[in-house]
Structure formats: C-alpha cells, structure tokens
Protein chains: 2
Amino acid sequence: MGTKQFSGLPEDADLARADSLAREIFADVANKWAFLIIEFLGERTLRFSELRDEVEGISHKMLTQNLRMLERNGLVERDVHPTVPPRVEYTLTEAGQALRATVDGMCGWTRQYLGHIESSRDRFDA
Amino acid sequence: MGTKQFSGLPEDADLARADSLAREIFADVANKWAFLIIEFLGERTLRFSELRDEVEGISHKMLTQNLRMLERNGLVERDVHPTVPPRVEYTLTEAGQALRATVDGMCGWTRQYLGHIESSRDRFDA
DNA sequence: CTGTATCCACTAGGATACTG
DNA sequence: CAGTATCCTAGTGGATACAG
C-alpha cells in the first residue's frame, strides 16, 4: 500500500515513525504477564485483587506496572469506584479484545504442541 | 476432556505438570526477540548473520541465546554446513510455522490499532 | 562466519512499609 | 482495597575478546 513518490521524504519519515512505534508496542505487550492479564480479562471484568489471585505468581508491583502499561496503550480500561474501601475494575477495550484473539491463539498453540515441545527439550538437553 | 476420577491423583498430577510446562513455554516464547525472529524466519530460511541484520538492534548474544531457546523448544531447526567459513541456517519447524500464524496476527493487530494506541498514549501521558 | 566466555553496568522485580 | 515509594539483590543483556 502507499506507492512511494520519487523523493518520498514525508512518507518515508512516516513509515519510520510507524515502524518504531510498532516496535515499542511489541516490546511493551509481548511479555508473559501482559499476555496472562489479557487472557484473564478476556473472560470478564476483574478487580485488582481478583487479578492478583488469578494470575498466579505475579507480584503486587508487576501487576500495577503492567496494568498501567496496558491502560496507557488503550488495551485496558480502569474504572475507579470512589467507595471505601476503593473498588477498581479492569476491563478489556475493543483493542484489547482484538489482541486477546491472538493471545488465545497462542494458548491453543501451546496446548497443541505441548508434547512436541517436551520431547524436543528432552532430546536437546541430552 | 478427561473426566476426573473420584480420587484422581494421577490425572491431577498430569494436569499440574502440563500447566507448569505451558507456563514455562509461555515465558520462554512470549518475548519480543523471539517473536521478531519467528516473524523473519517465517518468510524464509536465514543464516545467523542475515538474521542479525534483519532483526535490527539485536545483539550477538541475544540472537544466539534466543535461537538456542527456540531450537530447544523445537520451533527452529539448525542446519550446520561444515564448510569454511561455517554456514549455519535456521528454519522454522512445523510447530514454529504454526506459532508464526499467531505472531502474524499480532503484527496485523499492531498495524490495525496503531492510531488508537498512539492517541491513547497521548491522552494518558497528559 | 558462527559461537562461547568473561566482565560489568544496569534494571527488573521481589519484599516491605506506608498513604488515601 | 488499591496504589506508591524505597530498598536491595539476582539476573539481563551489552561490549569485548577469543576459538573453531
């Protein structure tokens, strides 16, 4: 798409910007905690503490950090109910739901190739 | 799948093992370098040095490290041609190709939501 | 060319304590 | 309950040098 002009300066610049942005997003989102969070939020809206229980092994700090990152990138919506004690709910946005399809795909892939991977590891480690 | 028996000890143990293995695989593969490598290898077989050129910004060390990891998990096949100088080619296995579909999905997702994400970031950072 | 090893700076991330 | 801040350690990852 976008046939390049003869000198093409503005378009090249735009492409470079988009590329580096895409890189950044990739680096942000392609990590195990983000994937797990997205996976759980895909099923339903969850509170902070519920998420911490579901995503086994995640620390308080990592959870807030990843949630902020996902919120910043517009994948997660944060709803604060000003009650006492406070109640904060996290929901996937449309963009988040769309990405969830990808994450689901990877979960399915893992299940499908579990055996293959396990035997490959055994072979390699020998 | 797999209806649980009354005491169900072996099956529970198996499920737990499979789960923790899946976690491990997730942690291995869900990282930006692995994804980028898989993406490039999806198009064609590449040599070590070609990969280093394609995957911009990756260090020598990270590249070997990730390639070993992918080989160990059976996603990438490593072919050594005993010439001088040596020539080593990396190819996606069937499992690797299958995962590539997922990675592709994520690339597409990034392109599709680039605008949404960028504006969300701007809003958040303000 | 491909790969390993060593060194070193840096940051990721856990534990803890404290606020609203 | 949710979130921030501080400290501190273990591991990540870059640069470099060297070997096959």
Side-chain angles (χ1 to χ4, degrees), chain A residues 20 23-38 40-41 44-73 75-92 124-126, chain B residues 20 23-38 40-41 44-73 75-92 124-126:
Chain A
S20 91
R23 279 293 196 106
E24 234 178 273
I25 295 166
F26 229 73
D28 266 10
V29 174
N31 87 70
K32 107 180 155 162
W33 293 132
F35 273 23
L36 288 170
I37 291 170
I38 288 168
F40 283 114
L41 285 184
R44 63 185 183 92
T45 293
L46 288 171
R47 303 179 54 172
F48 183 87
S49 47
E50 289 174 327
L51 264 173
R52 196 185 37 207
D53 295 343
E54 299 272 14
V55 184
E56 195 181 357
I58 196 169
S59 72
H60 191 123
K61 188 180 179 180
M62 278 302 96
L63 184 54
T64 26
Q65 199 164 300
N66 275 278
L67 283 172
R68 288 296 162 280
M69 178 274 285
L70 292 173
E71 190 193 354
R72 185 172 110 94
N73 287 312
L75 306 194
V76 159
E77 194 195 326
R78 180 165 173 268
D79 289 316
V80 184
H81 298 77
T83 59
V84 40
R87 173 188 195 82
V88 183
E89 296 186 328
Y90 293 91
T91 315
L92 285 190
F124 187 93
D125 293 341
Chain B
S20 90
R23 279 293 194 105
E24 232 178 274
I25 296 167
F26 228 74
D28 266 11
V29 175
N31 88 69
K32 105 179 157 164
W33 293 131
F35 273 23
L36 288 170
I37 291 170
I38 289 169
F40 283 114
L41 286 184
R44 64 185 183 92
T45 293
L46 288 171
R47 304 180 54 173
F48 183 87
S49 47
E50 289 173 326
L51 265 172
R52 198 185 35 208
D53 294 342
E54 298 271 14
V55 184
E56 195 182 357
I58 196 170
S59 71
H60 191 122
K61 188 181 181 180
M62 279 301 96
L63 184 53
T64 26
Q65 199 164 301
N66 275 279
L67 284 172
R68 287 298 162 279
M69 178 273 286
L70 292 172
E71 189 192 356
R72 186 172 109 94
N73 287 311
L75 306 194
V76 159
E77 193 195 325
R78 180 166 172 268
D79 290 316
V80 184
H81 299 77
T83 58
V84 41
R87 173 188 194 82
V88 182
E89 296 185 327
Y90 293 92
T91 316
L92 285 190
F124 188 93
D125 294 340

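Remember, it's a predicted structure, so these values are computed and weren't measured experimentally. Chain identifiers are assigned alphabetically (A, B, ...) following the order of the sequence lines, protein sequences preceding nucleic acid strands; residue numbering begins at 1 within each chain.
Of the side-chain N and O atoms in Arg87(B), none sit less than 4.0 angstrom from OP1 or OP2 of dT2(C). For dC1(C), neither phosphate oxygen OP1 nor OP2 lies less than 4.0 angstrom from any side-chain nitrogen or oxygen of Arg47(B). Taking side-chain N and O atoms only, Ser49(A) has a distance below 4.0 Å to OP1 or OP2 of dA2(D). Checking the phosphate oxygens (OP1, OP2) of dC1(C), no side-chain nitrogen or oxygen of Tyr90(B) falls inside 4.0 Å. Between Thr64(A) and the phosphate of dT4(D), there is no side-chain N or O to OP1/OP2 separation shorter than 4.0 Å.
Using a 4.0 Å heavy-atom cutoff across all strands shown, Arg68(A) reaches sugar-phosphate atoms only and no base atom. Note on Arg78(A): only backbone sugar-phosphate atoms sit closer than 4.0 angstrom, heavy atoms only; bases stay farther off.
One interatomic measurement links the two molecules: CG of Asp53(A) to C1' of dC1(D), which rounds to 12 Å at whole-angstrom precision. Residue Leu51(A) contributes atom CG, which lies 14 Å from atom P of dC1(D) at whole-angstrom precision. Between the C1' atom of dG11(D) and the NZ atom of Lys32(A) lies a distance of 13 Å, rounded to the nearest Å. Between the P atom of dG3(C) and the CD atom of Glu50(B) lies a distance of 13 Å, rounded to the nearest Å. Atom C1' of nucleotide dG13(C) and atom CZ of Arg52(A) are separated by 16 Å, given to the nearest angstrom. The distance between atom CG of Asn66(A) and atom C1' of dT4(D), rounded to the nearest whole Å, is 16 Å. One atom, CG of Asp28(A), and another, P of dA12(C), lie 11 Å apart when rounded to the nearest Å. Between Phe48(B) atom CZ and dC1(C) atom C1' there is a gap of 9 Å when expressed in whole angstrom units.
Note that CZ of Phe26(B) and CG of Leu36(A) are 5.5 Å apart. Values are rounded to the nearest 0.5 Å. Distance check, rounded to the nearest 0.5 Å: CD of Glu89(A) to CZ of Arg87(A) gives 5.0 Å.
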Under 3.5 Å between N/O atoms: give me all the protein pairs with nucleotides 13-17 of chain D, atom names plus distance.
residue : atom : partner  : partner atom : Å
dG13(D) : N7   : Lys61(B) : NZ           : 2.9
dG14(D) : OP2  : Ser59(B) : OG           : 2.4
dG14(D) : O6   : Lys61(B) : NZ           : 2.6

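The closest donor-acceptor contact from the side chain of Glu54(B) to the backbone of Leu51(B) lies at 3.5 Å or more, if one exists at all. When atom types are taken as modelled, the side chain of Thr64(A) and the backbone of His60(A) share a donor-acceptor pair closer than 3.5 angstrom.
Side chain to side chain, Asn73(A) and Asp28(A) meet the donor-acceptor criterion of an N or O pair below 3.5 Å.
Taking all atoms of both residues into account, the shortest heavy-atom contact from Pro86(B) to Arg47(B) is O-NH2, 3.7 Å. In terms of heavy atoms, Asn66(A) sits closest to Trp33(A) at ND2-CB, 3.7 Å.
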